[in-house]
Student: 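Can you keep this structure in mind? I'll have questions shortly.
First the proteins, then the strands, lettered A, B, ... as listed; each starts at 1.
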Amino acid sequence: EDQVTQSPEALRLQEGESSSLNCSYTVSGLRGLFWYRQDPGKGPEFLFTLYSAGEEKEKERLKATLTKKESFLHITAPKPEDSATYLCAVQAFDDKVIFGPGTSLSVIP
Amino acid sequence: GAVVSQHPSWVICKSGTSVKIECRSLDFQATTMFWYRQFPKQSLMLMATSNEGSKATYEQGVEKDKFLINHASLTLSTLTVTSAHPEDSSFYICSARAETGETQYFGPGTRLLVL
């Protein structure tokens, strides 16, 4: 069964304290893996799409990497405005998109 | 680019009435649109997928007669919650995907409260 899990469920960081969020997946053929950021009461905001193992993408303090079984979202020197829920989603060859439960990130000043 | 809007952003209605939510892709043509429901502190739950000009595909457990979806053009999809009840209160989010890509771009969401 296709599945997406994320860890940790919640993460509290001090401002400037770098860390990584994990997205593990099992899917019958990966077509793409997506990272989104969601603020409370708002729709998810697109961050990255990764297509193949070994691919990396960066945007400001965020860097996403992909292996055959998982993806990491690395946050370097986070700021309070990076506080949000980060969602991972996987698209299989049958076009089905499965969202993970998310990681709630809090960055404390 | 890739902006998706939703209207209204929030709505309060009485039990038994119907509510229509609009989802528009503002700067691209969306061959596929998706409707999600999200409960507090939970992830997105896909309700249905709609392709322009054809009937929507509903996920298991989602009542197609209760949640009517219309995708009449490449920039507009609507979700109508018919005979709404308090248990339909939720955060409804749409997303849109262009023909040439896999990435879904999300709208800002619509919060529905049924009294």
Student: Would you check if the side chain of A:Tyr25 reaches a backbone N or O of A:Lys68 as a donor-acceptor pair within less than 3.5 Å?
Tutor: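 Indeed, once roles are kept as given, a pair shorter than 3.5 Å links the two residues.
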Student: Drop me the distance from A:Leu11's CG to A:Asn22's CG, to the nearest 0.5 angstrom.
Tutor: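 A:Leu11 atom CG to A:Asn22 atom CG measures 12.0 Å (nearest 0.5 Å).
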Student: Is it the side chain or the backbone of B:Gln6 that comes within 4.5 Å of chain A heavy atoms, both, or neither?
Tutor: neither
Student: Are A:Lys63 and A:Glu56 close enough for a salt bridge, meaning some N to O gap below 4.0 Å?
Tutor: yes
Student: Let's test your reading of the structure: which of A:Gly41, A:Gly32, A:Gly102 forms the most heavy-atom pairs below 4.5 Å with chain B?
Tutor: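 Answer, by heavy-atom pair count under 4.5 Å with chain B: A:Gly41.
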Student: Determine whether the aromatic ring centres of B:Phe106 and B:Tyr36 lie less than 6.0 Å apart.
Tutor: yes
Student: Pick whichever of B:Pro108, B:Ser95, B:Gly109 has the most heavy-atom pairs under 4.5 Å with chain A.
Tutor: B:Pro108
Student: Can you pull out the residues in residues 58-88 of chain B with any heavy atom less than 4.5 Å from chain A?
Tutor: B:Glu59
Student: Select, from B:Thr110, B:Ile93, B:Thr103, the one with the greatest count of heavy-atom pairs under 4.5 Å involving chain A.
Tutor: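 So the answer, after comparing B:Thr110, B:Ile93, B:Thr103, is B:Thr103.
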Student: Under a 4.0 Å N-O cut-off, is there an ion pair linking B:Lys20 with B:Glu22?
Tutor: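 Looking at B:Glu22 together with B:Lys20, the answer is no, because their closest N to O distance does not fall below 4.0 Å.
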Student: Taking 4.0 angstrom as the limit, do A:Asp2 and A:Lys96 come out as a salt bridge?
Tutor: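 Here A:Asp2 does not pair with A:Lys96 in a salt bridge, since their nearest N and O are not under 4.0 Å apart.
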Student: Does the pair B:Arg97/B:Glu102 count as a salt bridge with the N-to-O cut at 4.0 Å?
Tutor: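 A salt bridge is absent here (no side-chain N lies under 4.0 Å from a carboxylate O).
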Student: Chain B heavy atoms under 4.5 Å from A:Gln6: which part of the residue, side chain, backbone, both or neither?
Tutor: neither
Student: Looking just at side-chain N and O atoms, do B:Gln38 and A:Gln38 make a donor-acceptor pair shorter than 3.5 Å?
Tutor: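 Their side chains do contain a donor-acceptor pair, which is all the 3.5 Å distance test asks for.
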